[in-house]
Amino acid sequence: MTELRCSLLVIGGGPGGYICASRAARLGVDTILVEGRRVGGTCLNVGCIPSKALIHAAELYHDAVRQAGEGMQGISVSAPSLDFGQTQDWKQGVVDRLCSGVDGLLEKSGVKTLTGWARFRDGKTVEVEGETGPVIVRAENIVIATGSRPVELPGLPFGGRILDSTGALALEEPPKRLAVIGAGYIGLELGTAFAKLGSEVTMIEAADAILPQYDEKLTRRVRRQLDALGIALKLETKVTGWDELDGKLTLESGETSDTLEADRVLVTVGRQPAVDGLGLGELSLRRQGEFVEIDDRCQTSMRGVYAIGDVTPGLMLAHRAMAQGEIVADVVAGEPNAWDRACVPAVCFTDPEIVSVGLLPSEAEGARVSEFSFRANGRALTLDRAEGFVRLVARESDHVILGVQAVGPGVSELVSGFALAIEAGLRAEDVAGTIHAHPTLSEAFQESALAVASMANHG
Ligand code: FAD
């Protein structure tokens, strides 16, 4: 059996793993990365990137349909048509381009990449089941960056008409009738995209609200848009059965029971760490449920074994995985680094988008909260999307910014500025005193800060 040795072995080539491996190699650490599928992980192949590409294409098509109907801004087009095969090819082209970029980055950084599935033999040894037979890798340090997988519902195993997000992103045609179970961000993003592509969408959610982690004020506009798109939303409703032959879901809400016919059912009820078959039983790692527990240097309870990304407790987001990957690369290379980030921005690419950084008003008792509406923002009006607001949460005593949330068109592009303000410990006065270009959506951030610091110019 082939045997390899290295200083650092990274298991999983998603955003956590590939950033960790390439940075470590550039810092002079002899690094091997093993990936069972394709580098880029969930994010590039079947997550962030293809979903945002689909959302964009759906938005373009939906706009064209609206323009054909209403002739917005005096522009009218004749009935648009959709060649979904071409849409999918374009989406795949974006994915392929980014994945090749990661291949190139790893190569340029000097990372040795192995294709195959890794399994721990002990805390320093991993067996990789590759295309050309098994390989043993002995490493001084090992990073678990194996990501996550979708949770199945009892009685609705993935397969046939029951899809996970990967299956939904690979569909050859938008389904005529699509049921989406779970109104978290993934379900809402994909459900909305398919509605814009012409599917008749029903969303089913067991809780009494969509995106239950956010307050109603933040989610209200998304609910309105679901209505406007004709998406039926069934809250406080549980799916209790599925008849694959007839394509019928059984739904229960309180005392009442109902059925719903669907050509496809997308299940987006959460994700869990992907640790099956990894041989974690050979190690004595402290766990939090399925998650691997880590300290502020992403070190597990075993010396020399690290974990990053979706396998660790916390927000399952690509940029958190990447930040953790950087930390581990530095630590293994002997550079000082530890998790000391003040915030992890979260974005829902819903319609309209919702972003949140730092504390919500409900998490910051006694804080000063100010809001500036996009209805009074020139740029939002020129985009014909004057809806939503920016909300700032500041400490009462000194106006240090503790949190920022926004809902509105394109607010995903504002969120890094919000995070910078929190990370740098800025006060509302600092944001208020920074000239924000006009006309931009970002002026709403300055106005919300002005309202705390002195008085809003347009409030
Ligand atoms: P992953 O990206 O999951 O990568 C893990 C890799 O490890 C995989 O390639 C897997 O094949 C490999 N692997 C697993 N086990 C083994 C093994 N034993 N041996 C070898 N290789 C192994 N996040 C955002 O921040 N923004 C978004 O807009 C966003 N949108 C999303 C949309 C969808 C539809 C989904 C599903 C997810 C989305 N996410 C988004 C979440 C994001 O994709 C994840 O948080 C991120 O990919 C986690 O990175 P990771 O490195 O921890 O793991």
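Every number for a ligand or one of its atoms is a count from 1 in the order of the listing.
- Taking every non-hydrogen atom of M316 and a distance limit under 4.0 Å, the qualifying atoms of ligand 1 come out as 41 (C), 45 (O).
- Below 4.0 Å from some heavy atom of L278 lie the following atoms of ligand 1, by number and element: 18 (N).
- Distances below 4.0 Å separate heavy atoms of L317 from the following atoms of ligand 1: 23 (N), 24 (C), 25 (O), 45 (O).
- For ligand 1, the polar-atom distance check against E189 finds no nitrogen or oxygen pair separated by under 3.5 Å.
- Heavy-atom proximity to atom 2 (O) of ligand 1, evaluated over T42, L33, D164, is greatest for T42.
- Put simply, CD on E189 and OG1 on T268 are 10.0 Å apart, with the number rounded to the nearest 0.5 Å.
- Short contacts between ligand 1 and R271, defined as distances under 4.0 Å to a heavy atom of the residue, involve ligand atoms 36 (C).
- For atom 12 (C) of ligand 1, the closest heavy atom belonging to the protein is E35 OE1, 3.3 Å.
- Between I11 and ligand 1, no pair of N/O atoms sits closer than 3.5 Å.
- Ionic pairing of R38 and D96 is present here: one or more N-O contacts between side-chain nitrogen and carboxylate oxygen are shorter than 4.0 angstrom.
- Among all protein heavy atoms, the one lying closest to atom 53 (O) of ligand 1 is G147 CA, 3.1 Å.
- Between G14, G13, A321, P15, it is P15 that holds the heavy atom closest to atom 46 (C) of ligand 1.
- By the 4.5 Å heavy-atom criterion applied to side chains, R391 and E371 are counted as neighbours.
- Using a 30° and 60° split on the angle between ring planes, H436 and F445 fall in the perpendicular class, above 60°.
- Of all heavy-atom pairs spanning F374 and A380, the tightest one is O-CB, 3.5 Å.
- Note on ligand 1: Y185 sits in its first shell, one or more heavy atoms being nearer than 4.0 Å.
- Nearest to atom 22 (C) of ligand 1 among the protein's heavy atoms is W117 CZ3, 3.5 Å.
- Using a cut-off of 4.0 Å between Lys/Arg side-chain N and Asp/Glu carboxylate O, E423 and R341 are scored as not salt-bridged.
- The nearest protein atom to atom 21 (N) of ligand 1, hydrogens excluded, is given as G36 N, 3.1 Å; this is a heavy-atom distance.
- Distances below 4.0 Å separate heavy atoms of S51 from the following atoms of ligand 1: 32 (C).
- Taken to the nearest 0.5 Å, the CD1 atom of I294 stands 8.5 Å off from the CH2 atom of W339.
- Taking distance alone, with nitrogen or oxygen atoms compared against 3.5 Å, C43 approaches ligand 1 more closely than that limit.
- Of all protein heavy atoms, the one lying nearest to atom 18 (N) of ligand 1 is A118 O, 3.1 Å.
- Considering only non-hydrogen protein atoms, atom 44 (C) of ligand 1 sits nearest to D310 OD2, 3.3 Å.
- Taking 4.0 Å as the cut-off, R149 does not count as a neighbour of ligand 1 on heavy-atom distance.
- Less than 4.0 angstrom separates some heavy atom of G116 from each of these atoms of ligand 1: 19 (N), 20 (C).
- An N or O contact shorter than 3.5 Å links K52 to ligand 1 by distance.
- Around atom 15 (N) of ligand 1, the closest heavy atom drawn from L44, D276, T146, L169 belongs to T146.
- For the atom pair CE of M316 and CZ of F291, the computed distance is 4.0 Å after rounding to the nearest 0.5 Å.
- For ligand 1, the atoms closer than 4.0 angstrom to any heavy atom of S148 are 3 (O).
- An N or O contact shorter than 3.5 Å is missing between G309 and ligand 1 by distance.
- Atom CZ of R287 is surrounded by more than 12 heavy atoms from other residues, nucleotides or ligands within 6.0 Å.
- Taking 4.5 Å as the limit, some side-chain heavy atom of R223 sits within range of a side-chain heavy atom of L233.
- A distance of 9.5 Å separates OG1 in T146 from CD1 in I308, rounded to the nearest 0.5 Å.
- Contacts with ligand 1 closer than 4.0 Å are made by no heavy atom of P150, backbone or side chain.
- Of the polar atoms of G16, at least one N or O is found under 3.5 Å from an N or O of ligand 1, judged by distance alone.
- Nearest non-hydrogen protein atom to atom 25 (O) of ligand 1 is A318 N, 2.9 Å.
- In this structure, a donor-acceptor pair under 3.5 Å is present between the side chains of R271 and S148.
- Formation of a donor-acceptor pair under 3.5 Å by the S199 side chain with backbone atoms of V201 is not found in this model.
- For the atom pair CZ of R177 and OG1 of T202, the computed distance is 9.5 Å after rounding to the nearest 0.5 Å.
- Shown in contact with R37 at under 4.0 Å from a heavy atom are these atoms of ligand 1, numbered in order with element: 10 (C), 11 (O).
- Going from atom CG of L266 over to atom CG of L190 covers 6.0 Å, rounded to the nearest 0.5 Å.
- For atom 26 (N) of ligand 1, the closest non-hydrogen atom on the protein side is C48 SG, 3.8 Å.
- Ionic pairing of R119 and E129 is not present here: no N-O contact between side-chain nitrogen and carboxylate oxygen is shorter than 4.0 angstrom.
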